[in-house]
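One structure is given below, encoded as structure tokens.
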Amino acid sequence: MNFNFSGKKVLITGGSRGIGKACALLFAEHGATVIITYRSNIDEATRTLSELGDRNDHRAFQLDVADADAIEELFAELTSIYCRIDIVVNNAAIFTEHKIAEVDYREWQTRWNDTIAANLTGAANVCYMAGRHMIKKRGGKIVNVSSRGAFRGEPNHPAYGASKAGLNAMSQSMAQYLAPYNITVGVVAPGFVETDMAADVLGGPAGDGIRAQSPLNRVAQPDEVARAVAIFASEGTEYMTGGIIDINGASYLRS
Ligand code: NAP
């Protein structure tokens, strides 16, 4: 596809692996300077950074998106290095199982708190920092990575499904609030994607059934999601703000 991100500075949370990495590679290939964050796996982040090449001043930073202060510190550092951030992709998230019949009450609460802190409050805090920065710079683009689970239910991962439904609602509120400042907010909602996050489920006894949910009889590849992210991040797609793009191979249709 014919993307052009020359001169753009792009921040991707969780950009070291999976979908975030595919986004990083796409943006770098089309001329952007890419900043990836990772939570703890520095080896993977270093490998991804080297794959981005040395054409631009790409960098990697450690960040736990559940840590509000760390997000503020990262934006302070980034704006001192780069002057402006044009595109922010809220991609980092966790996906942990907590079946009501199998976990005790304490674990249930821990899973809910951790998931909401990373997937929803963390993304909202990144939106706050990005929004404040972009208001000053008179424009920008935010893309949030949600999930089919927001619509279809996540019986074994209920906090995850709720976090992504909340992310959709938060993104749409932000799209309305930030539009007068020339800032757009888009959402992509993938079904299963072949990444580490889904590896156990896709490699287990449920894998074939999951692939068969799509009439294409497969799950998505990370670069298929990255292309949808890039559409929201491109010049000329501003009127899509507030939209949610499904990327689920017709495995779950809604109208
Ligand atoms: P992944 O392969 O597990 O990679 C997760 C990335 O996020 C890594 O870079 C990881 O860093 C980082 N990360 C995890 N927790 C973090 C935290 N608390 N703070 C900062 N960074 C953190 O995930 P993925 O499958 O690419 O998923 C990316 C996005 O797509 C997520 O929002 C996910 O919900 C969504 N999604 C995925 C699927 C799927 O089937 N894979 C389906 C629908 C939606 P480390 O490497 O340091 O751990």
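Keep in mind that what you see is a predicted model, and the values were worked out from it rather than measured. Start at 1 and go down the list; that is how both ligands and their atoms are numbered.
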Ring geometry between Tyr252 and Phe151 (parallel below 30°, tilted from 30 to 60°, perpendicular above 60°): parallel
Presence of salt bridge, Lys141 and Glu238, under 4.0 angstrom: yes
Salt bridge present between Arg227 and Asp223 (N-O < 4.0 angstrom): yes
N-O pairing of Glu194 and Arg218 below 4.0 Å: no
Side chain proximity check, Val89 to Thr13, heavy atoms < 4.5 angstrom: no
Residues in contact with ligand 1, criterion: heavy atom under 4.0 Å: Gly14, Ser16, Arg17, Gly18, Ile19, Tyr38, Arg39, Ser40, Asn41, Leu63, Asp64, Val65, Asn91, Ala92, Ala93, Ile94, Val145, Ser146, Ser147, Tyr160, Lys164, Pro190, Gly191, Phe192, Val193, Thr195, Asp196, Met197, Ala198
Cationic N near anionic O, under 4.0 Å, Asp196 to Arg17: yes
